[in-house]
Amino acid sequence: MMLCFGSVGLVLLALDMQKGHGNPDSAVWNRMETSERNYYTRYHNMTEISEWMEVMERENPDVVSSMIYGQTYEKRNITLLKIGLSSPERKKAIWMDCGIHAREWIAPAFCQYFVNELLRMYKTDTKVHKMMKNLDFFITPVVNVDGYTYSWLNESTRLWRKSRSPGPDGCTCYGTDLNRNFNANWGTIGVSTDCCEEEYGGTKASSEPETQAVTDMLDEMSQDLLAFITIHCFGQFIIFPYGNPNTLPPNYNELMAVGLGAANAIKAVHGMRYTVISPDILYPASGLSQDYARQIGIPLSFTFELRDTDEYGFILPEDLIQPTCEEAYVGVQHIISYAHDKAFYSSAAAVTTTLWTTLMAVWVSSATLL
Amino acid sequence: MVLNSQEAATFPGQEGKVVEIADVMATGVLNPSHYPARRAAAVVQHYLNTQHGSPYRWIFLSTVHSGSAEEVTEGRKYQLELTMQEVISNVSGKCSAKLLFPGEEKPGAPQVQALCAELLSENITAQEEAFYQQHRDGKNLVSGENIPDSYGHMEPAMKPFWQLGGVASSFIMLRESNESTLYNMAHVANFTQLETEKDQLRFQYHVLLHEMISQEIIHWKMLFTWSPAEGVKVLQTELLPKCHCEVPPDTTN
C-alpha cells in the first residue's frame, strides 16, 4: 500500500484534534474520521501540523528530513521538510512556503497536501520520481507560526494576518505584515507605516525574525534554487514579480508564459480561472518575498492566491479544500516541471521551443485569461 | 492607451499613513484583468445586490470582458461589459454597466446604472415567500453568530441569513467604494432578528468587511429590513472603531 501516512500516526493526530466545532451531524466531513483522505480535507492547527511533520519524517526516512531554520518572535520553531531522494551530488532545489499570512488557512492545508502527493506518488509515478531524484523540495507548511497559532485561538482572532511581534515604541498594536517586510524595495509602495494596520511593513527591511529566517535560507540556497513559490489566498491569482510599477524582471516573458501555462493546467482540473498578473497592476506592493527571491537570482518566482474569488474569502469551507488543492497541485507542478526540464533537459533551444509552444497554446486557447 | 498607475489606499475612520506615489489614473480602454476595471466591476456587483439581492439571490462578478474610463466634470466615468453570476442558482448573465466615481468637489457614493440579461431569470418567489412567512410572525425570532465558523461551515438554516447579510453589506460596500478599494464581506459576527414592523422583517447585523487593497477588516453594525416585495432597505449603519487596545493573551509556550 502506498499510504505514507500510517494509520497509527493518523489515530494519534485524531486524538489530538480539536473537538466541538462544525456540524456534527454532517456525514460528509466527520472530523473524527481517520482515513488518510479525510486528513487532507480538514484544517489543522499548529500542534497537529508539527506532529504531522514528525510523522512524515519518521515514516519516510529515506526521502524526508525536517529542518528548523529559525524562530518566531514568540520563540516557536520555523520548520521545513526537505523532500527528495538522496544523492551524493549537490542537487537543484525548489522552495515552497505556506502560511506567511495567518488567516489564509488553505495555504498550510495545501502544503500538507502537496507533501502527501509527492510521497504518495514518487515510487510509482515516473514523473514525480524523476523530480524527487533530480530535485530537493524545501517545503515550509507554516512560516508565520505565531500568527497562525493566534488565528486558531477563537472566532475573534480568525482573521489575523500579521506576525505577533509588538509594535515600535508609541504604538500599542501587534504584528508586522511579513509579506511587506522583505528586503525588496522595502517600504516604498502598498505598505503602511502605521503599526496598527494590516500592511504594516515593520520598522525596517527584514526586521522580523520570520522574514530573516526565510531570507537566510534563500540567500544560502540561491545558487541551487530553480523556483520559489509562496502560497496565499484568496483571489485565484498567479502572481510574479515585481510589485513595484515600472520595474520588470529580466525574464518577464518567461514568467508570464509559465504562469499562463500553470493557469491553463489549473483550469483543466475543475474549470477555475486563475488570473496571471504582476502585483503592480493588481495592487502595488513592496517588500514581497517573491520580489526578494527574484532579486537574488531565483529565476522562477511566483505567489499563488488560491480559492475563492470573494464569496467565502479567507474562511474557505473545508469541503473545498480538496478541489482547491487538486488544482493548485497541478499549477505548482507545471512550474516545477518547467524549471526541472529547463535545468536538466538541454539546450536553450529546446527550452525556448517549450516556452513558445506554451505561449502559443495559451494565446490560442484562452485569450480570456488576460 | 492604458497608463500605468499607482495610488494610495485609504479607508474610512483611519488616519492610515499609507505610503503613496503620485496618482495617475488609467484612462481610455482598460485591461479587463488589471485593477481599475476589476475594482469598478466590484462596485457594479454591490449595486446589483442592493437592487436585486435577497436571502435567495446573491450576485457576484464572474468576468470582466471589457471596459473604459474617462475623466468628466463630475468625476471619473466607467463603462464596463461584465458577466455576473448569481451564486445560489448558478445562473450567469451578461451586464452592461456605467459608473461614475464622483470627484473631490462633490464626494459621495459611486453612481451606477446596469442592464443585465438573464441574470435574474431564476424564479425564487416560492423560496422567498416561504422564508418570509416562516419568520414574519415574530414568535420565534432568529439569531445567530460566527457565520461561517472558522472552518467555513454554517448550519443549513443559517445560510439564507448569511446570504442576506452579504446583500445588506452591499449597501455599505457600495457607499464606501472608490477607485482604490475592493470590498467583500468576510464574516457575519452575529445577527438578531427584531420584531417585524410594517410587514418587513427586521434585522440587526454585525458584519466584518474585508478591503483587499489595505487588507483591513472593518466592523459594521447595520439595521435593515427585508421583504419579498420591498427587498433590502438599510435603516442605519454604524462603523465600529478598530480596537487599538490589545492585551495579547498568553500564547507563548
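Values in this document were obtained by computation on a predicted structure and should not be read as measured data.
With a 4.5 angstrom heavy-atom cutoff, B:Met212 touches chain A via backbone and side-chain atoms both. For B:Glu145, no part sits under 4.5 Å from any heavy atom of chain A, backbone or side chain. Using a 4.5 Å cut-off between heavy atoms, A:Ile277 contacts chain B through its side chain alone, with no backbone atom that close. Residue A:Phe237: no heavy atom, backbone or side chain, is found under 4.5 Å from chain B. In this structure, chain A has no heavy atom under 4.5 Å from any part of B:Leu61.
Side-chain polar atoms of B:His65 and B:Thr83 form a donor-acceptor pair below 3.5 angstrom. Side-chain contact, B:Thr237 with B:Arg175: a donor N or O sits under 3.5 Å from an acceptor N or O.
Residues passing the disulfide bond (SG atoms under 2.5 Å apart) test with B:Cys95, sequence neighbours excluded: B:Cys116. For A:Cys195, the disulfide bond (SG atoms under 2.5 Å apart) test picks out A:Cys171, with sequence neighbours left out.
Taking A:Trp105, A:Tyr73, A:Tyr312 one by one and counting their heavy-atom pairs under 4.5 Å with chain B, the maximum is reached by A:Tyr312. Of the residues considered (A:Ile321, A:Leu316, A:Ile315, A:Leu320), A:Ile315 shows the highest number of contacts with chain B, using heavy-atom pairs under 4.5 Å.
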Take A:Tyr252 and A:Phe240, measure what ring pair (Phe, Tyr, Trp, His ring centres under 6.0 Å) needs, and give me the verdict at the end. CA-CA 9 Å; A:Tyr252 177 92; A:Phe240 58 89; 5.4 Å; yes
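Ring geometry for A:Tyr43 versus B:Tyr151: interplanar angle of 30 to 60°, hence tilted.
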